[in-house]
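Note on naming: letters A, B, ... go to the chains in the order of the sequence lines (proteins, then strands), and numbering restarts at 1 for each one.
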Amino acid sequence: MSYRSRCAVAALTVLGLVLAYAGQALAIPAFARQNKAECSTCHTIYPTLNEFGEAFMKNSYVWPGKPKAAAANSSPDARKEAMLLAGIPEMIPVSFRASLDAAYDPSQENKFDLSTRALQLQAGGAFRRLAGFFVTYNAYTEGPPKSSSTGVTPSNNNPDLQELFVQWRHAFGTPINLKAGRFEPDLTLWKTSNRLTIADLATQEYRVGDSPFAVGDPQDALELNGTIGPRVFAAAGIVNRKEQNTKEGYGHLECRIGGTDYLGNEPEVDLDSDSIWDYLSLTVGGYGYFGRNADAELGPYNDDYYRAGIDADLLYKRFRLRFSGVKGRDNAPNYTARNVANSLVMVGEAQYLFGSPVNLIGLFRYEYVDDASGISRNYIPSLVFAPIQNVKLTLEYQYKAESEHLGRTDSNDIALLPGTINRIGLIGASFSF
Amino acid sequence: MKTLITALLLVGICATTSFAGIRTLGRGATLTFDPAGIPPAYKKNFEIMRVRCVKCHTLERAVVAIQTGVAPISGQPFDRGATRAYGIKMLRKPDSNMSKQEVKSVVELMNYLLDQAAR
């Protein structure tokens, strides 16, 4: 290991030790400030949402329950009343998230790459109880893009607006919310930011051929969503792709058995007798997306495609299991000829939460990625430590066994080129303020 | 007379603040229930509350909720239904490390304190 690498490891170790002894502190991003609630109200380790955090998000960033009555911390201050009547949040709802990542990849010329960092501006809140809004802006990113083997920064790798949407809550007095703007369509159970690892979930980031589509990408869209009863959530929307008139569409349905419901209510638990459902919750969701991509510069053909996926999220005490699978079909992913490409991606992840309060999570993820050009099997163990609630340190290892498609054999099996193995070590630190 | 006034002032400064029947100590983040105001039958319950709840938050939250009848963060009514709901929430939180019996004890204590505050 070079002198520079040793210095970097030493600096990260010192940073980790300092943070480990920093003691208790309250996290302070926009929602925490507005609601005077600590991060752990909505997160296990930030930014991973817990059940209540999901209910808060699904409720257009409005605190679940009835409008705040004679709240203990309410004040007759006339200025506060004016802000309330105007619908303006009392404090500017802005926060930042900074990420510093280091990657060790022996296959690269720069084996130990420290130049991967990002600063993201986040804003969010609610205008009274009528509408919620959310903004994420990539203020600065540097480092290899996600498409590379060590990439951990956003794929655009440039200052860019990632999300900007407003959600009209209970439009026209109905239970339906109307969401408009640029956002991640409600397809999977988890937003792309709702993860512990540095690596994205393969089901959300994989692409086929030259198609720009990925399940987790933000899109310019219009969506209707809402809860059907307390334990079913549904969403449907249309997406506008730039420079083409054809619209794309999607639908999503999920339900939760056990656990906190989508309205933020706790389940009924008998305090005098035990049941497995006291601690167990299972969320299952499915989605479909269909669309058409065209790129005249690459070829004359349109790529008509679809994705269909299922997700499951099981939580029992300190153990969490996530499964995600998506099947896709593109009929001209390179735009040059009709060339049907079938894709299949599956992810399984097991987590165990340590600490009281939780400050350490160990996880193991397995990914199977067949993106029609090759097959990759990824094994990702990771340790995530939160010395204080708004700081996350990640130690991650990625073992990727990749092989290219050669075509189909007579028995219709896929023939594969002998594979390559990539081993990547990652250290990441992110904090919000 | 001077001694009496001094003693009364000291009592005024240091002694428990009271709110509709419950006695408390401290202010702000150090606000807590006065152990002297907890009847013997609930001493064990209070000990569980004192040790377990402060792992993640101050007791000020519980005191304010019980004194005002409104949960300070959510702004929702804090009644017997709420004490049970919060108890279940804490039971299910993976980091609370609370058993059912412990949760039940704290819920019982909060219900008792709610009754006292309502007097």
> For the candidates A:E51, A:E268, A:R318, which exhibits the highest count of non-hydrogen atom pairs separated by less than 4.5 Å from chain B?
Replying inline: A:R318
> How close do A:A37 and B:I73 get, heavy atom to heavy atom, and via which atoms?
Replying inline: CB-CG2, 3.9 Å
> Which atoms of A:D274 come close to chain B, meaning under 4.5 Å heavy atom to heavy atom: side chain ones, backbone ones, both, or neither?
Replying inline: both
> Which atoms of A:N359 come close to chain B, meaning under 4.5 Å heavy atom to heavy atom: side chain ones, backbone ones, both, or neither?
Replying inline: neither
> Roughly how far, to the nearest 0.5 Å, is OG1 of A:T44 from CG of B:D95?
Replying inline: 9.0 Å
> Side chain, backbone, both or neither: which part of A:F52 has a non-hydrogen atom closer than 4.5 Å to chain B?
Replying inline: side chain
>> Taking A:D272 first and then B:K104, would you say they form a salt bridge - that is, a charged N and a carboxylate O separated by under 4.0 Å?
In response: yes
> So, B:R61 and A:E38, do they make that salt bridge, N to O below 4.0 Å?
Replying inline: yes
> Considering residues, nucleotides and ligands other than B:K43, do more than 12 of their heavy atoms fall under 6.0 Å from its NZ?
Replying inline: yes
>> Tell me whether A:I92 at atom CD1 has more than 12 heavy atoms from other residues, nucleotides or ligands lying less than 6.0 Å away.
In response: no
> Checking A:P64 against chain B: side chain, backbone, both or neither under 4.5 Å from a heavy atom?
Replying inline: backbone
> If you measure from OG on A:S356 to CZ on B:R52, what distance do you get to the nearest 0.5 Å?
Replying inline: 7.0 Å
> Which answer fits A:L353, side chain, backbone, both or neither, if we ask what part of it has an atom under 4.5 Å from a heavy atom of chain B?
Replying inline: side chain
>> For A:D270, is there any backbone N or O sitting under 3.5 Å from a side-chain donor or acceptor partner on B:K100?
In response: yes
>> Taking the side chain as everything from C-beta on, heavy atoms only, tell me whether B:R92 gets closer than 4.5 Å to A:S281.
In response: yes
>> Could you check whether any side-chain N or O of B:R84 sits under 3.5 Å from a backbone N or O of A:V269, counting only pairs where one atom can act as donor and the other as acceptor?
In response: yes
